[in-house]
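A quick write-up on the structure given underneath.
Atom set for the values below is all heavy atoms of this structure, side chains included, hydrogens, waters and symmetry mates excluded.
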Amino acid sequence: MAFAQNDQLTSRALSVLRIVSAYLLIQHGTAKLLGFPHVAYFDGLQVMSLIGFAGILELFGGALLLIGLFTRPVAFVLSGLLAFAYFMGHASKGFVAAPMLNGGESAVLFCFVFLFFAAAGGGAWSVDALRSRK
């Protein structure tokens with residue numbers, strides 16, 4: 001059974017993927033910077049460190065993605081952040097081409113989802129879409 005292409009449905013689905021992905025990324029930022037949800041690894045984290053800087057990008061970049069403001073450039077920066085996170089934090093823990101074994105699955109998936117947003121935009125339910133209508 002084939003589904004008919006529906007651009008409106010596709011754009012809305014893109015928005016849902018953006019919103020859910022941003023929400024999940026924000027949790028990484030809040031865990032690092034605000035201690036919620038609590039992750040013991042981030043206890044005593046220095047904000048002026050690589051992980052602290054990543055937390056700032058995750059929190060504020062995630063918030064911008066959540067509302068769909070400046071989606072393309074923010075998603076591009078976040079895609080780079082997650083690629084960097086994978087190679088710095090996960091690839092060295094095992095075989096680089098096996099993210100399942102080195103704990104980097106989410107970093108790789110986020111990286112490519114955000115790269116997709118950089119190309120596709122924020123979808124129908126975004127501030128960017130509202131701004132382009134005016």
Path from Leu115 to Tyr86 over hydrophobic side-chain contacts below 4.5 Å: yes

Scanning both residues in full, the closest heavy-atom pair of Ala75 with Ala118 reads CB-N, 3.7 Å

If you take all heavy atoms of Ser15 and Ala124, which pair is closest and at what distance? OG-N, 3.1 Å

Sequence neighbours excluded and cut-off under 3.5 Å, please list the side-chain donor-acceptor pairs for residues 39-51, or say none.
unit_1 : atom_1 : unit_2 : atom_2 : d
Asp43  : OD1    : His38  : NE2    : 2.8
Asp43  : OD2    : His38  : NE2    : 3.3
Ser49  : OG     : Gln46  : O      : 2.6
Ser49  : OG     : Gly52  : N      : 3.1

Can you measure from CZ (Arg12) to CG (Asn6) and round to the nearest 0.5 angstrom? 8.0 Å

Atom pair CG (Leu82) and OG (Ser106), whose distance is rounded to the nearest 0.5 Å: 7.5 Å

For Leu81 against Ala54, the heavy-atom pair lying closest together: CD1-CB, 3.8 Å

If hydrophobic clusters are built from ILVMFWY residues whose side chains come within less than 4.5 Å, do Phe76 and Phe70 share one? no

Can Leu69 be reached from Leu130 by stepping across I, L, V, M, F, W or Y side chains whose heavy atoms are under 4.5 Å apart? no

When rounded to the nearest 0.5 Å, the distance separating OG of Ser21 from CZ of Phe116 is 10.5 Å

Does any non-hydrogen side-chain atom of Thr30 lie less than 4.5 Å from one of Pro37? yes

Transitively linked via ILVMFWY side-chain contacts under 4.5 Å: Tyr23 with Val74? yes

How many angstroms lie between atom CZ of Phe117 and atom CG of Leu14, to the nearest 0.5 angstrom? 6.0 Å

How far apart are the C-alpha atoms of Phe110 and Phe114, what are their side-chain angles, what is the distance that settles it, and do they pass the ring-ring contact (aromatic ring centres under 6.0 Å, His included) test? CA-CA 6 Å; Phe110 272 128; Phe114 295 148; 5.5 Å; yes

Arg18 side chain near Ser126 side chain, heavy-atom distance below 4.5 Å: yes

Looking only at non-hydrogen atoms, find the nearest pair between Ala129 and Gly123 and report the distance. CB-O, 3.5 Å

Any side-chain to backbone donor/acceptor pair from Asp128 onto Thr71? Under 3.5 Å, distance only. yes

Mind checking whether Trp125 and Val16 have side chains closer than 4.5 Å, heavy atoms only? yes

Can you give me every donor-acceptor pair (side chain of residues 56-66, partner residue at least two apart or in another chain, under 3.5 Å) with its distance?
unit_1 : atom_1 : unit_2 : atom_2 : d
Glu58  : OE1    : Gly29  : N      : 3.4
Glu58  : OE1    : Lys32  : NZ     : 2.7
Glu58  : OE2    : Lys32  : NZ     : 2.9

Within the 4.5 Å heavy-atom criterion, are Phe112 and Val108 side-chain neighbours or not? yes

